[in-house]
Protein chains: 2
Amino acid sequence: MTNQFGSVWTRAPRRPRTTGLSRDQIVRAAVTLLDKEGLDALSMRKLGSELGAGATSLYWHVANKNELLELALDEIWGLVGEAGSDPAAGLRDLLTTYAHNLRATLLAHPWSATLIGQVPSIGPQAFRVGDRLRRAFAEAGFQGADAYLASGTVTSFVVGQVVPMIAMEHAHGGPVDRETAMRLLEQVSADYPEIRADYRVLVPEGNTLGFDFGLGCVLDGLEARLRAATDAGRAASSASARR
Amino acid sequence: MTNQFGSVWTRAPRRPRTTGLSRDQIVRAAVTLLDKEGLDALSMRKLGSELGAGATSLYWHVANKNELLELALDEIWGLVGEAGSDPAAGLRDLLTTYAHNLRATLLAHPWSATLIGQVPSIGPQAFRVGDRLRRAFAEAGFQGADAYLASGTVTSFVVGQVVPMIAMEHAHGGPVDRETAMRLLEQVSADYPEIRADYRVLVPEGNTLGFDFGLGCVLDGLEARLRAATDAGRAASSASARR
DNA sequence: ACCTGAACACCGTTCAAGT
DNA sequence: ACCTGAACACCGTTCAAGT
């Protein structure tokens, strides 16, 4: 099979190492470097020398820099914590925990949020997270592919919240504290007094407020879908029972 | 004021040109080049020569490449069409139109979706779009800062849907048709038979399905909030009337 | 006020050659 | 099977110098 779709996950793996560098080791070093210096600062040369190897040595374990970034991103998906460890917890609690976990994980590794727009999240860890979430929806009563769609809805919202926020931090050169955010927003919203007034209310309340508001809406909407579907299901089964 | 926050939008502008290159001209050329060759292919040198100038000439009009990218991104926000031109249309129609407009605009300029995770969207056009949406929510009855939060919820969902999809296209080197997507997903979901089964149902239905499902949920959730708020408002005012 | 060219300090990647 | 070094074709940005 040709690797028409250019991704690590779509080409045959090389057999594991015997000695020297390993792909795992390279990816771990890359994540460390990314955490320390950010996406712009990662170069094959720097990573190589961090590992005591020539930059070009990496190319035996990895086809190119892009593949390395895909592997590093999947590593971050692997850090998104379990949410459904407590089976007694309801769907809403589980989703709230998941959403905050995902948010916190991406914020802790800001480069990963940027990468989400650059390389596909189709590695094993990304799938593990996605399937865990899908399963939770299925167990809550979402039928067939709706469970998958529902999981995509929650994840999209979180990603859509975090990614632009990371861009702000990137411009600022690090996490933006409340006061700095306020100064920036005052400056930039000069032509929109109503928005500026909103900022004055919202920013002091903390940066989770918009996230929680939106998440609440998303979860309400999903629960409404679930109710509608189970009601319809009951109606259909009682109709067939009547026959 | 020092420009602590490193963004075009936070430093004093230079007075407009008299002759030769202009910032507008540079930004327009950048957008054209980005549309034609993508984010990775944009270089100051290439852009300069496209304009018949030395690469370094650009640095008089723009502090650095990052500023240029901020300007280019804001240009795309400027392309997001009006949704509220028909005042008779309800909130839900308006939001649906907005969401699809934003999605289509980003997909038509894929580099812009990637940029959303790289540079902040705090330019005049981004604010224009945000304020138009906020105003629609306010007119529909969302009180105070809730209108702003509601607008952020919708935009987050759309961004969170489009950004990862762009990453897929980026890996493939262009838009992914249904058949290619199916082949890729079959390959990559090998360990998750339920997800694979969902793909077999969903992919043939077209790529707007997940978007429409999620958007429906988000809008349902927002409408529920609105109902709850107006009910509470009515209850409060009737309570005060009783006094 | 605006543009240029040379120069600096980097990049990712290929490939023949080594062990 | 794995690693190296040299080499290629690029980068973004600075800055003295020009008009």
Side-chain angles (χ1 to χ4, degrees), chain A residues 3 6-8 11-27 29-30 33-34 37-73 111 114-115 118-119 170-171 173, chain B residues 3 6-8 11-27 29-30 33-34 37-73 111 114-115 118-119 170-171 173:
Chain A
N3 187 19
S7 165
V8 221
R11 63 176 185 98
R14 289 222 158 107
R15 44 187 292 280
R17 81 185 170 301
T18 53
T19 169
L21 284 176
S22 77
R23 177 187 268 202
D24 270 13
Q25 190 190 355
I26 292 171
V27 174
L33 195 53
L34 286 163
E37 310 195 8
L39 192 53
D40 301 333
L42 178 74
S43 78
M44 300 301 271
R45 287 171 152 89
K46 215 185 283 186
L47 181 58
S49 72
E50 200 87 15
L51 290 160
T56 56
S57 309
L58 308 176
Y59 284 85
W60 198 88
H61 299 88
V62 133
N64 49 42
K65 188 181 180 181
N66 213 64
E67 272 203 10
L68 180 62
L69 294 175
E70 286 189 273
L71 293 162
L73 177 56
W111 52 271
T114 303
L115 277 186
Q118 237 162 324
V119 304
H170 186 256
Chain B
N3 187 19
S7 165
V8 221
R11 61 176 188 98
R14 289 220 158 108
R15 44 189 291 280
R17 83 189 167 300
T18 52
T19 168
L21 284 175
S22 78
R23 178 188 265 201
D24 270 12
Q25 190 189 355
I26 292 172
V27 174
L33 196 52
L34 286 163
E37 311 194 7
L39 192 52
D40 301 333
L42 178 74
S43 78
M44 300 301 271
R45 287 171 151 90
K46 215 186 283 185
L47 182 57
S49 72
E50 200 87 15
L51 290 160
T56 57
S57 309
L58 308 177
Y59 284 86
W60 199 87
H61 298 90
V62 133
N64 49 42
K65 189 181 179 180
N66 213 64
E67 272 201 10
L68 180 62
L69 294 176
E70 287 189 273
L71 292 162
L73 178 56
W111 51 271
T114 303
L115 276 186
Q118 239 162 323
V119 304
H170 186 256

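Quick note on labels: first sequence line is chain A, next is B, and so on, each numbered from 1.
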Side-chain heavy atoms of [X] within contact of [Y], under 4.5 Å:
X     : Y     : answer
B:L47 : B:L58 : yes
B:L42 : B:L69 : yes
A:V27 : A:V62 : no

Rounded off to whole Å, could you give me the CD1-to-C1' distance for the A:I26 and D:dC2 pair?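 Going from CD1 in A:I26 over to C1' in D:dC2 covers 11 Å.
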Let me know the distance between NE2 of A:H61 and C1' of D:dC3, rounded to the nearest Å.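 Whole-Å distance recorded here is 9 Å.
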Going from CG on B:L39 to CG on B:L115, what distance comes out if it is rounded to the nearest 0.5 angstrom?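 With rounding to 0.5 Å, CG (B:L39) is 5.0 Å from CG (B:L115).
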For B:D40, give me all partners under side chain to side chain donor-acceptor pair (under 3.5 Å), at least two apart in sequence or on another chain.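 Here the qualifying residues are B:H170.
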By side chain to side chain donor-acceptor pair (under 3.5 Å) - contacts of A:Q118 (at least two apart):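 In terms of side chain to side chain donor-acceptor pair (under 3.5 Å), with neighbours along the sequence ignored, A:Q118 is linked to no residue.
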Can you give me every donor-acceptor pair (side chain of residues 48-57 of chain A, partner residue at least two apart or in another chain, under 3.5 Å) with its distance?
{"from": "A:S49", "atom 1": "OG", "to": "A:K46", "atom 2": "O", "distance (Å)": "3.1"}
{"from": "A:S57", "atom 1": "OG", "to": "A:G54", "atom 2": "O", "distance (Å)": "3.2"}

Those residues that, when tested against A:D24, pass side-chain contact (heavy atoms from CB on, under 4.5 Å) (two or more places apart):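 For A:D24, the residues satisfying side-chain contact (heavy atoms from CB on, under 4.5 Å) (neighbours in sequence not counted) are A:S22, A:R28.
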How would you summarise protein contacts on nucleotides 9-19 of chain D per nucleotide, using B for base, S for sugar-phosphate only and - for none, with heavy-atom distances below 4.0 Å? --BBBB-----
Pairing string of DNA chain C (Watson-Crick or G-U wobble, both atom distances under 3.5 Å; | = paired to other strand) is ||.|||||...|||||.||
